[in-house]
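Below: one structure, written as structure tokens.
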Amino acid sequence: MIPELLHNLAAAAVYAALGIVLFVLAFGVINRLTPGTLWKELIEEHNTALAVVVGAMAIGISIIIAAAIG
């Protein structure tokens, strides 16, 4: 029972790490494709509309990655 639990925990950790890496890569691609600097607009300019769009993209990317991995 314990080895099966450890195997499942290790698999979950690998899938989580893979998902995070894919999310960071996808976000980097989106950051390069958009004009301007996302972080400057979000942090310095407090662009709420851009924050909503980036949040929606993050949720969409996360759903796609979860479906592809799972």
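All heavy atoms count here, side chains included; hydrogens, waters and symmetry mates do not.
- Cluster membership check: L22 does not share its hydrophobic cluster with I20, using side-chain heavy-atom separations under 4.5 Å among Ile, Leu, Val, Met, Phe, Trp and Tyr.
- Here the CD1-CD1 distance, from I59 to I63, works out to 7.0 Å after rounding to the nearest 0.5 Å.
- Apart from L25 itself, the hydrophobic cluster it occupies contains V21, where clustering links Ile, Leu, Val, Met, Phe, Trp and Tyr at side-chain heavy-atom distances under 4.5 Å.
- Counting Ile, Leu, Val, Met, Phe, Trp and Tyr side chains that sit under 4.5 Å apart, directly or through other members, L6 shares a hydrophobic cluster with I2.
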Let me have the donor-acceptor pairs involving side chains of residues 34-46, under 3.5 Å, with sequence neighbours excluded, atom names and distances please.
| from | atom 1 | to | atom 2 | distance (Å) |
| --- | --- | --- | --- | --- |
| T34 | OG1 | I30 | O | 3.2 |
| T34 | OG1 | N31 | O | 3.1 |
| E41 | OE1 | N47 | ND2 | 3.3 |

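- The two atoms that bring I65 and F23 nearest to each other are CD1-N, 3.4 Å, heavy atoms only.
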